[in-house]
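For reference, the structure is listed below as structure tokens.
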2 protein chains.
Amino acid sequence: MTIAKQTVLKSFAAVVHDHGRCVTTALAKAETACATAGKRLTPLRRRVLELVWGSHLPVKAYDLLAILGREREQAAPPTVYRALDFLQQVGLVHRIASLNAFVGCGEPLQGHVSQFLICTQCGTVAELANLGLSTSISASAEALGFQATRQTIEVEGICKHCRKRGAQAVQ
Amino acid sequence: MTIAKQTVLKSFAAVVHDHGRCVTTALAKAETACATAGKRLTPLRRRVLELVWGSHLPVKAYDLLAILGREREQAAPPTVYRALDFLQQVGLVHRIASLNAFVGCGEPLQGHVSQFLICTQCGTVAELANLGLSTSISASAEALGFQATRQTIEVEGICKHCRKRGAQAVQ
DNA sequence: CCACTAAGGTTACTCAATAACAAATTGTTG
DNA sequence: CAACAATTTGTTATTGAGTAACCTTAGTGG
Ligand SMILES: [Zn+2]
Ligand SMILES: [Zn+2]
Ligand SMILES: [Zn+2]
Ligand SMILES: [Zn+2]
């Protein structure tokens, strides 16, 4: 079976990189995406998105809540869940079902299929947009008379950085 | 891309079928699986497995808890979660991450990859064991230097029965 | 019978998510 | 601008998911 051409939307970032750039880019794209969709990126929603992009690690809802609570004096679960729901609808963040956590989407401007690679060592999540893979899965379902409308594809394993590190010295 | 040969481990059952047979078979296989693995299928574990097999729908942990509570006078979350953990380890049930729910495994006797088709209309879950698909996903990951160890593949959509029903009369 | 291990009971807690209703903010329209 | 509608956020409270820690009970082997 051939490996389909795939786009890496959010790769395993080098351990050290200019992450400020990641955040800036993500927020700029978010503005555009919301404007295009006719949705409002309010300060709260923008801040939550910024926090999600705080790293390339998946973020838990209650961690966001704790940070917001320090910043705003008033923050309850609905505060963060509503923002996250909105961001998901616009396609700015994805929810990782197997982790109950959220990650920013690297390419929110067009709808796309997505698959996630989750490193169990460093926790980093990479997002793929392998259309061939997605199509293959849908085809497998269709062969059974099942019409697929949504896919949850989450793969756990060890990322290339951690493999390299592991080869040098098992800590 | 060709569709790999796939085994349907737990198909979309006809609306009416002899489900008692499903349960009996599942419990018999469970006895064998536990005996082989040198694990004990205690009355509690057996009962939880039986409840999971109550239908072809995914079952929530707290629903199991409620039923057990009626039957046993004493049942707390650990009661059901410990049983479910055990059943998962032996491979007798699978957890559906996108639903926070559990389904019985139709073919627990040998280890296998699995994918799940979830009908959003009737709620039924079918389990596939499409090795080609699984291999294809691992290969996509490997192409990025990622060594996959576990896959969560859950597809939502409409099953063949519901499609047929829908064509006759949109209720 | 005694020591050891596995299984289950019990209490209590943290985290995940949503319901329902009130207040405030924003957008629209005469 | 004033009045109204729609959206967003605040607030309170609850349900559901899952786990930690500790204790008791039940099997197992000598
Ligand atoms: Zn970055
Ligand atoms: Zn890693
Ligand atoms: Zn059945
Ligand atoms: Zn169906």
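By convention in this document, chain letters (A, B, ...) are assigned in the order of the sequence lines, proteins followed by strands, and residues within each chain are numbered from 1.
Proximity note for B:Phe102 (side chain, C-beta onward) versus D:dT12, D:dG18, C:dA16: the nearest is D:dG18. The side chain of B:Pro77 sits closest to C:dA12 out of C:dA12, D:dT12, C:dG8. The side chain of A:Pro78 sits closest to C:dA19 out of C:dA17, C:dA19, C:dT10. For A:Thr42, counting side-chain heavy atoms from C-beta on, the closest listed nucleotide (D:dG18, D:dT9, C:dT11) is D:dT9. For A:Ala76, taking side-chain heavy atoms from C-beta onward, the closest of the listed nucleotides D:dA17, C:dG9, D:dT12 is D:dT12.
Formation of a donor-acceptor pair under 3.5 Å by the A:Thr36 side chain with backbone atoms of A:Thr32 is found in this model. Formation of a donor-acceptor pair under 3.5 Å by the B:Lys29 side chain with backbone atoms of B:Gly106 is found in this model.
Judged by distance alone, with hydrogens and angles left aside, B:Arg45 brings no side-chain donor or acceptor close enough to the base of C:dG8 to form a pair under 3.5 Å.
Contact annotation for A:Arg40: backbone-only contact, meaning every heavy-atom pair under 4.0 Å involves sugar-phosphate atoms and none involves a base.
Atom-to-atom, CG of A:Leu65 to C1' of D:dT11 comes out at 13 Å; the value is rounded to the nearest Å. Counting to the nearest Å, the P atom of C:dA16 and the CG atom of A:Leu84 are 11 Å from each other. The distance between atom CG of B:Leu87 and atom P of C:dA7, rounded to the nearest whole Å, is 12 Å. Nucleotide C:dA6 holds its C1' atom 11 Å from the NZ atom of B:Lys39, rounded to whole Å. Put simply, CZ on A:Arg46 is 19 Å from C1' on D:dT9, counting in whole angstrom units. The interatomic distance linking A:Asp63 (CG) with C:dA16 (P) rounds to 7 Å, in whole Å. Between the CZ atom of A:Phe86 and the C1' atom of D:dT7 there is a distance of 11 Å, rounded to whole Å. One atom, OH of A:Tyr62, and another, C1' of C:dA17, lie 7 Å apart when rounded to the nearest Å.
For the atom pair CD of A:Gln147 and OG1 of B:Thr120, the computed distance is 9.5 Å after rounding to the nearest 0.5 Å.
Between A:Lys60 and C:dC15, a side-chain N or O to OP1/OP2 separation shorter than 4.0 Å is absent. Listed pair A:Tyr81 / C:dA17 meets the phosphate criterion, a side-chain N or O lying under 4.0 Å from OP1 or OP2. Within the structure, a side-chain polar atom (N or O) of B:Arg95 is placed less than 4.0 Å from OP1 or OP2 of D:dG18.
The distance between the ring centers of A:His94 and A:Phe116 falls below 6.0 angstrom.
With a 4.5 Å cut-off on side-chain heavy atoms, B:Asn130 and B:Val113 do not count as touching.
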